[in-house]
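This report refers to the structure that appears directly beneath it.
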Amino acid sequence: MTDTPNIDDALFHGIDGNRLLFPPIAAHPPRILILYGSLRTRSFSRLAAEEAARILTRLGAEVRFFDPSGLPLVDDGVDATHPKVRELRDLTAWCEGMVWSSPERHGAMTGLMKTQIDWIPLSEGAVRPTQGKTLAVMQVSGGSQSFNAVNQMRVLGRWMRMLTIPNQSSIPKAFQEFDEAGRMRPSPLYDRIVDVMEELMKFTLLTRDRADYLVDRYSERKEGAEALMKRVNLSVAT
(Lines give C-alpha, C1' and ligand atoms only; values in the text may rest on other atoms or scores of the structure.)
Protein backbone atom coordinates (compact mmCIF):
# COMPACT_ATOMS: atom_id res chain seq x y z
CA MET A 1 0.00 0.00 0.00
CA THR A 2 1.13 3.55 -0.70
CA ASP A 3 -0.08 7.07 0.10
CA THR A 4 -0.70 7.70 -3.63
CA PRO A 5 -3.55 5.34 -4.59
CA ASN A 6 -4.51 7.49 -7.59
CA ILE A 7 -1.23 6.76 -9.36
CA ASP A 8 -1.11 3.91 -11.86
CA ASP A 9 1.98 2.01 -10.73
CA ALA A 10 2.52 0.49 -14.18
CA LEU A 11 2.96 3.97 -15.64
CA PHE A 12 4.79 5.61 -12.72
CA HIS A 13 8.43 4.94 -13.55
CA GLY A 14 10.30 6.93 -10.96
CA ILE A 15 13.56 8.63 -11.91
CA ASP A 16 15.90 6.75 -14.24
CA GLY A 17 19.34 7.97 -13.23
CA ASN A 18 21.03 6.47 -16.29
CA ARG A 19 18.71 8.20 -18.78
CA LEU A 20 18.96 11.47 -16.88
CA LEU A 21 22.68 11.58 -16.13
CA PHE A 22 24.34 9.25 -18.66
CA PRO A 23 22.51 9.46 -22.01
CA PRO A 24 24.36 8.68 -25.24
CA ILE A 25 26.04 11.94 -26.26
CA ALA A 26 25.65 13.18 -29.84
CA ALA A 27 28.81 14.39 -31.59
CA HIS A 28 27.30 16.85 -34.07
CA PRO A 29 27.34 20.62 -33.43
CA PRO A 30 24.29 22.00 -31.60
CA ARG A 31 21.67 23.05 -34.15
CA ILE A 32 20.28 26.53 -33.51
CA LEU A 33 17.47 28.20 -35.47
CA ILE A 34 17.10 31.99 -35.34
CA LEU A 35 13.84 33.88 -35.92
CA TYR A 36 13.66 37.66 -36.15
CA GLY A 37 10.65 39.95 -36.19
CA SER A 38 11.09 42.71 -38.79
CA LEU A 39 11.35 42.93 -42.57
CA ARG A 40 12.94 46.38 -42.68
CA THR A 41 16.06 46.68 -44.83
CA ARG A 42 17.96 47.85 -41.75
CA SER A 43 16.22 45.62 -39.23
CA PHE A 44 17.81 45.93 -35.81
CA SER A 45 16.22 42.71 -34.59
CA ARG A 46 17.88 40.94 -37.53
CA LEU A 47 21.20 42.72 -36.97
CA ALA A 48 21.14 41.70 -33.29
CA ALA A 49 20.28 38.15 -34.36
CA GLU A 50 23.22 38.14 -36.79
CA GLU A 51 25.56 39.15 -33.96
CA ALA A 52 24.11 36.30 -31.90
CA ALA A 53 24.72 33.91 -34.81
CA ARG A 54 28.37 34.93 -35.06
CA ILE A 55 28.86 34.25 -31.36
CA LEU A 56 27.04 30.90 -31.56
CA THR A 57 29.13 29.87 -34.55
CA ARG A 58 32.33 30.71 -32.66
CA LEU A 59 31.03 28.59 -29.77
CA GLY A 60 30.63 25.64 -32.15
CA ALA A 61 26.97 25.74 -33.14
CA GLU A 62 25.46 25.18 -36.57
CA VAL A 63 23.18 28.16 -37.10
CA ARG A 64 20.35 28.68 -39.58
CA PHE A 65 18.01 31.63 -40.08
CA PHE A 66 14.40 31.62 -41.21
CA ASP A 67 13.63 34.52 -43.54
CA PRO A 68 9.99 35.47 -42.76
CA SER A 69 9.50 37.42 -45.98
CA GLY A 70 6.53 35.89 -47.80
CA LEU A 71 5.19 33.99 -44.79
CA PRO A 72 1.39 34.24 -44.94
CA LEU A 73 -0.89 35.08 -42.05
CA VAL A 74 -2.29 32.11 -40.16
CA ASP A 75 -5.75 31.05 -41.42
CA ASP A 76 -5.50 33.38 -44.44
CA GLY A 77 -6.59 30.73 -46.92
CA VAL A 78 -3.35 28.71 -46.71
CA ASP A 79 -2.24 25.65 -44.79
CA ALA A 80 0.97 23.84 -43.86
CA THR A 81 1.64 22.93 -47.50
CA HIS A 82 2.61 26.56 -48.23
CA PRO A 83 6.36 26.60 -49.07
CA LYS A 84 7.28 29.17 -46.40
CA VAL A 85 5.27 27.36 -43.73
CA ARG A 86 6.86 24.05 -44.70
CA GLU A 87 10.32 25.65 -44.59
CA LEU A 88 9.68 27.02 -41.09
CA ARG A 89 8.36 23.72 -39.80
CA ASP A 90 11.23 21.76 -41.32
CA LEU A 91 13.75 24.10 -39.66
CA THR A 92 11.91 23.76 -36.36
CA ALA A 93 12.15 19.97 -36.59
CA TRP A 94 15.86 20.23 -37.48
CA CYS A 95 16.94 22.46 -34.62
CA GLU A 96 17.78 21.64 -31.01
CA GLY A 97 17.57 25.23 -29.78
CA MET A 98 16.18 28.55 -30.95
CA VAL A 99 16.78 32.29 -30.66
CA TRP A 100 13.80 34.65 -31.01
CA SER A 101 14.73 38.28 -31.68
CA SER A 102 11.88 40.79 -31.95
CA PRO A 103 11.44 44.53 -31.97
CA GLU A 104 9.07 45.94 -29.38
CA ARG A 105 6.23 47.69 -31.17
CA HIS A 106 3.27 49.24 -29.32
CA GLY A 107 4.58 47.62 -26.15
CA ALA A 108 4.64 44.10 -27.57
CA MET A 109 6.44 41.75 -29.94
CA THR A 110 5.69 42.41 -33.60
CA GLY A 111 2.90 40.72 -35.50
CA LEU A 112 5.50 39.17 -37.79
CA MET A 113 7.21 37.55 -34.82
CA LYS A 114 3.93 36.18 -33.50
CA THR A 115 2.94 34.91 -36.95
CA GLN A 116 6.11 32.85 -37.18
CA ILE A 117 5.50 31.35 -33.76
CA ASP A 118 1.82 30.72 -34.54
CA TRP A 119 2.78 28.68 -37.62
CA ILE A 120 4.83 26.32 -35.44
CA PRO A 121 2.37 23.63 -34.26
CA LEU A 122 2.23 22.28 -30.73
CA SER A 123 2.02 18.82 -32.27
CA GLU A 124 2.49 17.38 -35.74
CA GLY A 125 1.23 13.82 -35.76
CA ALA A 126 2.95 12.10 -32.85
CA VAL A 127 5.77 14.68 -32.84
CA ARG A 128 5.86 17.79 -30.66
CA PRO A 129 8.13 20.07 -32.72
CA THR A 130 9.29 22.38 -29.91
CA GLN A 131 9.05 20.25 -26.79
CA GLY A 132 12.37 20.02 -24.98
CA LYS A 133 14.23 22.43 -27.27
CA THR A 134 16.12 25.33 -25.71
CA LEU A 135 15.17 28.95 -26.30
CA ALA A 136 16.85 32.34 -25.88
CA VAL A 137 14.82 35.54 -26.25
CA MET A 138 16.02 38.99 -27.37
CA GLN A 139 14.39 42.30 -28.15
CA VAL A 140 15.32 45.70 -29.55
CA SER A 141 13.58 48.98 -28.77
CA GLY A 142 13.60 52.41 -30.37
CA GLY A 143 13.31 54.13 -27.01
CA SER A 144 14.18 53.38 -23.41
CA GLN A 145 14.84 49.86 -22.21
CA SER A 146 11.82 47.60 -21.92
CA PHE A 147 11.18 43.91 -21.37
CA ASN A 148 7.64 43.59 -22.72
CA ALA A 149 8.56 41.61 -25.83
CA VAL A 150 10.97 39.21 -24.12
CA ASN A 151 8.43 38.58 -21.36
CA GLN A 152 5.76 37.77 -23.93
CA MET A 153 8.10 35.44 -25.77
CA ARG A 154 8.91 33.67 -22.51
CA VAL A 155 5.22 32.94 -22.02
CA LEU A 156 5.01 31.52 -25.54
CA GLY A 157 8.15 29.44 -25.05
CA ARG A 158 6.74 27.93 -21.87
CA TRP A 159 3.42 27.22 -23.60
CA MET A 160 5.32 25.43 -26.36
CA ARG A 161 7.17 23.35 -23.73
CA MET A 162 10.55 24.82 -24.54
CA LEU A 163 13.42 25.15 -22.06
CA THR A 164 13.75 28.93 -22.01
CA ILE A 165 17.08 29.95 -20.51
CA PRO A 166 17.18 32.42 -17.59
CA ASN A 167 19.23 35.14 -19.30
CA GLN A 168 17.91 37.47 -22.02
CA SER A 169 18.89 40.51 -24.09
CA SER A 170 17.07 43.85 -24.38
CA ILE A 171 18.67 46.59 -26.46
CA PRO A 172 17.27 50.12 -25.94
CA LYS A 173 17.74 52.86 -28.56
CA ALA A 174 18.96 50.20 -30.94
CA PHE A 175 19.59 52.76 -33.70
CA GLN A 176 22.57 53.99 -31.64
CA GLU A 177 24.11 50.56 -31.12
CA PHE A 178 24.95 49.55 -34.70
CA ASP A 179 27.45 51.08 -37.08
CA GLU A 180 26.93 51.85 -40.78
CA ALA A 181 27.99 48.33 -41.72
CA GLY A 182 25.35 46.85 -39.42
CA ARG A 183 27.77 45.63 -36.79
CA MET A 184 27.04 46.18 -33.12
CA ARG A 185 29.35 48.56 -31.32
CA PRO A 186 31.28 47.38 -28.23
CA SER A 187 29.17 47.96 -25.11
CA PRO A 188 27.67 46.19 -22.09
CA LEU A 189 24.65 45.52 -24.31
CA TYR A 190 26.82 43.57 -26.73
CA ASP A 191 28.42 41.76 -23.80
CA ARG A 192 24.95 40.71 -22.67
CA ILE A 193 24.33 39.04 -26.04
CA VAL A 194 27.58 37.12 -25.55
CA ASP A 195 26.34 36.06 -22.11
CA VAL A 196 23.01 34.91 -23.49
CA MET A 197 24.53 32.88 -26.33
CA GLU A 198 27.03 31.22 -23.98
CA GLU A 199 24.18 30.26 -21.71
CA LEU A 200 22.07 28.98 -24.61
CA MET A 201 24.91 26.76 -25.80
CA LYS A 202 25.49 25.35 -22.32
CA PHE A 203 21.82 24.56 -21.78
CA THR A 204 21.51 23.06 -25.26
CA LEU A 205 24.50 20.79 -24.74
CA LEU A 206 23.25 19.77 -21.29
CA THR A 207 19.71 18.96 -22.39
CA ARG A 208 19.56 17.98 -26.05
CA ASP A 209 20.52 14.32 -25.50
CA ARG A 210 18.12 13.94 -22.58
CA ALA A 211 15.32 16.23 -23.80
CA ASP A 212 12.93 13.36 -24.55
CA TYR A 213 13.36 12.06 -21.02
CA LEU A 214 13.16 15.50 -19.37
CA VAL A 215 9.76 16.19 -20.91
CA ASP A 216 8.37 12.65 -20.61
CA ARG A 217 5.17 13.00 -18.54
CA TYR A 218 3.17 10.58 -16.43
CA SER A 219 -0.13 12.13 -17.57
CA GLU A 220 0.77 11.67 -21.23
CA ARG A 221 1.88 8.08 -20.67
CA LYS A 222 -1.46 7.46 -18.96
CA GLU A 223 -3.43 9.14 -21.72
CA GLY A 224 -1.53 7.12 -24.32
CA ALA A 225 -2.19 3.86 -22.48
CA GLU A 226 -5.89 4.64 -22.18
CA ALA A 227 -6.13 5.45 -25.89
CA LEU A 228 -4.37 2.18 -26.72
CA MET A 229 -6.81 0.21 -24.57
CA LYS A 230 -9.77 1.84 -26.33
CA ARG A 231 -8.37 0.83 -29.72
CA VAL A 232 -7.71 -2.73 -28.53
CA ASN A 233 -11.19 -3.05 -27.04
CA LEU A 234 -12.75 -1.65 -30.22
CA SER A 235 -10.85 -4.19 -32.31
CA VAL A 236 -12.02 -7.03 -30.09
CA ALA A 237 -15.62 -5.81 -30.23
CA THR A 238 -15.63 -5.68 -34.02
Side-chain angles (χ1 to χ4, degrees), residues 29-71 84 87-88 91-92 95 97-120 133-157 162 164-204:
R31 299 167 180 159
I32 305 297
L33 170 63
I34 297 183
L35 308 182
Y36 55 91
S38 170
L39 296 177
R40 290 178 176 176
T41 302
R42 187 170 166 84
S43 163
F44 295 113
S45 64
R46 191 193 73 246
L47 293 178
E50 289 172 352
E51 293 293 352
R54 294 181 183 101
I55 298 162
L56 288 167
T57 300
R58 182 166 177 177
L59 289 168
E62 180 181 356
V63 181
R64 296 184 185 178
F65 282 83
F66 174 70
D67 177 0
S69 180
L71 182 69
K84 291 299 292 188
E87 178 190 354
L88 175 59
L91 285 170
T92 301
C95 75
M98 299 176 74
V99 177
W100 295 349
S101 177
S102 177
E104 181 172 312
R105 189 170 296 163
H106 297 310
M109 79 180 81
T110 60
L112 179 64
M113 193 77 226
K114 185 62 163 57
T115 295
Q116 293 175 81
I117 296 168
D118 283 346
W119 270 120
I120 301 171
K133 298 181 189 294
T134 54
L135 172 65
V137 293
M138 305 169 58
Q139 76 166 72
V140 297
S141 304
S144 59
Q145 191 163 49
S146 172
F147 301 96
N148 290 327
V150 288
N151 287 339
Q152 287 181 323
M153 290 187 284
R154 283 187 177 280
V155 171
L156 290 170
M162 302 182 77
T164 308
I165 66 170
N167 215 339
Q168 62 190 21
S169 168
S170 175
I171 304 173
K173 297 182 179 179
F175 60 90
Q176 296 179 346
E177 299 301 325
F178 294 85
D179 64 22
E180 301 245 336
R183 295 304 304 270
M184 194 169 179
R185 297 185 172 94
S187 72
L189 295 170
Y190 176 82
D191 294 344
R192 173 58 66 90
I193 295 180
V194 177
D195 291 346
V196 174
M197 294 310 115
E198 282 185 337
E199 191 169 292
L200 177 64
M201 281 289 286
K202 291 173 185 176
F203 273 78
T204 303

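Counting begins at 1 with the first residue of the sequence.
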Quiz item: Got a donor-acceptor contact below 3.5 angstrom from the R54 side chain to the A49 backbone?
Solution: no

Self-check item: Enclosure of R58 CZ (heavy-atom neighbours >12, cutoff 6.0 Å)
Solution: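 No, not enclosed.
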
Quiz item: Does CZ in R185 sit with more than 12 non-hydrogen atoms of other residues, nucleotides or ligands closer than 6.0 Å?
Solution: yes

Quiz item: Quick one: do the T134 and T204 side chains pair a donor with an acceptor below 3.5 Å?
Solution: yes

Taking [X] first and then [Y], would you say they form a salt bridge - that is, a charged N and a carboxylate O separated by under 4.0 Å?
X    : Y    : result
R183 : D179 : no
E199 : K202 : no
K173 : E177 : no

Quiz item: In Å and rounded to the nearest 0.5 Å, what is the OG to CE distance from S101 to M109?
Solution: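 One finds 12.0 Å between OG of S101 and CE of M109.
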
Quiz item: When rounded to the nearest 0.5 angstrom, what distance separates CD in Q152 from CH2 in W100?
Solution: 11.5 Å

Quiz item: Yes or no on side-chain contact (heavy atoms from CB on, under 4.5 Å) for V99 and L56, after CA distance, side-chain angles and deciding distance?
Solution: CA-CA 10 Å; V99 177; L56 288 167; 4.1 Å; yes

Quiz item: Hey, does the Lys NZ or Arg CZ of K84 hover above the aromatic six-ring of F66, less than 6.0 Å from the centre and inside 45° of the axis?
Solution: yes

Quiz prompt | Check: F44 and P103 side chains under 4.5 Å, non-hydrogen atoms | solution = no

Self-check item: Any L39 side-chain heavy atom under 4.5 Å of P68 side chain
Solution: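 SC-SC contact between L39 and P68 confirmed.
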
Which pairs would a plain distance check flag for residues 186-198, meaning a side-chain donor or acceptor within less than 3.5 Å of a matching protein atom at least two apart in sequence or in another chain?
unit_1, atom_1, unit_2, atom_2, d
S187, OG, L189, N, 3.1
S187, OG, Y190, N, 3.2
R192, NH1, Q168, O, 3.2

